[in-house]
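Sharing a structure, written as structure tokens. Questions coming.
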Amino acid sequence: MPEHDQESPRLSRRSLIAGAALVPVAALTSAVPAPAAPAGAQTVFSPSERRTLEAFVGRLVPSDELGPGALECGAINYIEQALAGALADEKASFLQGLAEVDTYARKVQDAGFAELPPEKRDGIIAAMEQGTAANFPNARAVFARFRRLTLEGMFSDPYYGGNTDFRGWEVIRYPGPRVAVAPEDQQMKVAIQPYRRSALGANNGH
């Protein structure tokens, strides 16, 4: 029998995205020194691990009327490239975290995390964030690391594999890096004109 259902109110997409404001764009941009694999290459996750991560990230920042979510913004591709390269030393602990999420889901809901409906996934994620996931002692640390890498994947420069077609920058209305700004662009009542260019690599996004 599953343990007491730890459902909670739906996670706030707005608050999760707002957390990105705590991390300067420059820091997100420099989180990973360089792409480790071609865009779309799957070099880290097994099919089941990828399903679990997609299910987690998809509920962490889901798409809605406010805009695209983490999956649409390429967060998975960013995480995979990072763990295949610059964050390779973290790969084992990250995969262990994924396994623990699935184990916990099976314990409290009798099903793998990816097999659960959205509201039950939200309940598990909320329990992890709040540190109330019984017998999952490092749940808060796993949540924090998954969240950090998800936000990096949404909002870092597309050069690193995420922020597909600059969708993440559009969500937070970040116009992109600029070398110079014309006087007419500095007027208070003039809408900010986007500058959709990668600061580090190809200028077409991913």
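Side-chain atoms are counted along with the backbone in the values below, which use heavy atoms only and exclude waters and symmetry mates.
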Atom pair SG/CG of C73 and D165 - distance to nearest 0.5 Å: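 These two atoms lie 9.5 Å from each other.
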
Got a second to check how far K107's NZ is from I124's CD1, nearest 0.5 Å?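 Separation between the atoms: 12.0 Å.
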
Could E80 and R50 be called an ion pair, given the rule that one side-chain N must be under 4.0 Å from one carboxylate O?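 Counted as a salt bridge, because a side-chain N and a carboxylate O are separated by less than 4.0 Å.
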
Taking only residues two or more places apart in sequence or in another chain, which ones pass side-chain contact (heavy atoms from CB on, under 4.5 Å) with T103? none

Nearest 0.5 Å, please: how far is CG in L151 from CZ in F146? 13.5 Å

Hey, does V44 have a side-chain heavy atom less than 4.5 Å from the side chain of I79? no

How about Y78 and E152: does a side-chain donor come under 3.5 Å of a side-chain acceptor? yes

Considering only heavy atoms from C-beta outward, does the side chain of T52 approach that of E49 to under 4.5 Å? no

Might you point out which heavy atoms bring Y160 and Q81 nearest each other, and give the distance in Å? O-OE1, 3.8 Å

Under 4.5 Å between any side-chain heavy atoms of S63 and L71, yes or no? no

Candidate pair R51 and E115, rule salt bridge (charged side-chain N to carboxylate O under 4.0 Å, His left out), full reasoning: CA-CA 9 Å; R51 282 194 298 273; E115 300 164 10; over 6 Å; no

Can you list every pair that meets salt bridge (Lys or Arg N to Asp or Glu O under 4.0 Å) and has a residue in residues 81-103, with sequence neighbours left out? E90-R145, D102-R106

Please report the interatomic distance OG1(T150) to CG(L60), rounded to the nearest 0.5 Å.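 Going from OG1 on T150 over to CG on L60, the span is 5.0 Å.
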
Start with the C-alpha distance between N135 and Y104, add both sets of side-chain angles, then the distance that settles side chain to side chain contact (heavy atoms under 4.5 Å, CB included), and finish with yes or no. CA-CA 8 Å; N135 299 314; Y104 178 72; 6.0 Å; no

Exam field: side chain R121 to backbone L116, donor-acceptor pair closer than 3.5 Å: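 Yes; judged by distance alone, with no hydrogens or angles, the pair exists.
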
What are the two closest heavy atoms between V57 and A70, and how far apart are they?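 Closest pair (atom of V57, atom of A70, distance): CG1-CB, 3.3 Å.
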
Aromatic contact between F56 and F113, with the criterion being ring centroids under 6.0 Å apart: yes or no?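 Yes, the ring of F56 comes within the 6.0 Å limit of the ring of F113, centre to centre.
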
Gap separating the CG atom of L53 from the CD1 atom of I76, nearest 0.5 angstrom: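 Rounded to the nearest 0.5 Å, the CG-CD1 separation comes to 3.5 Å.
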
Would you say F166 and P158 make side-chain contact, with heavy atoms under 4.5 Å?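 The answer is yes; the side chains approach within 4.5 Å.
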
If the plane angle is over 60° it's perpendicular, under 30° parallel, otherwise tilted; pick one for F94 and F45. tilted

Looking only at heavy atoms, what is the nearest atom pair of F143 and I125, with distance? CE1-CG2, 3.6 Å

Do E129 and R140 come within less than 4.5 Å of each other through their side chains, counting heavy atoms only?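 With C-beta onward as the side chain, the pair stays apart.
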
Rounded to the nearest 0.5 Å, what separates atom OH in Y174 from atom CG in N163? 10.0 Å

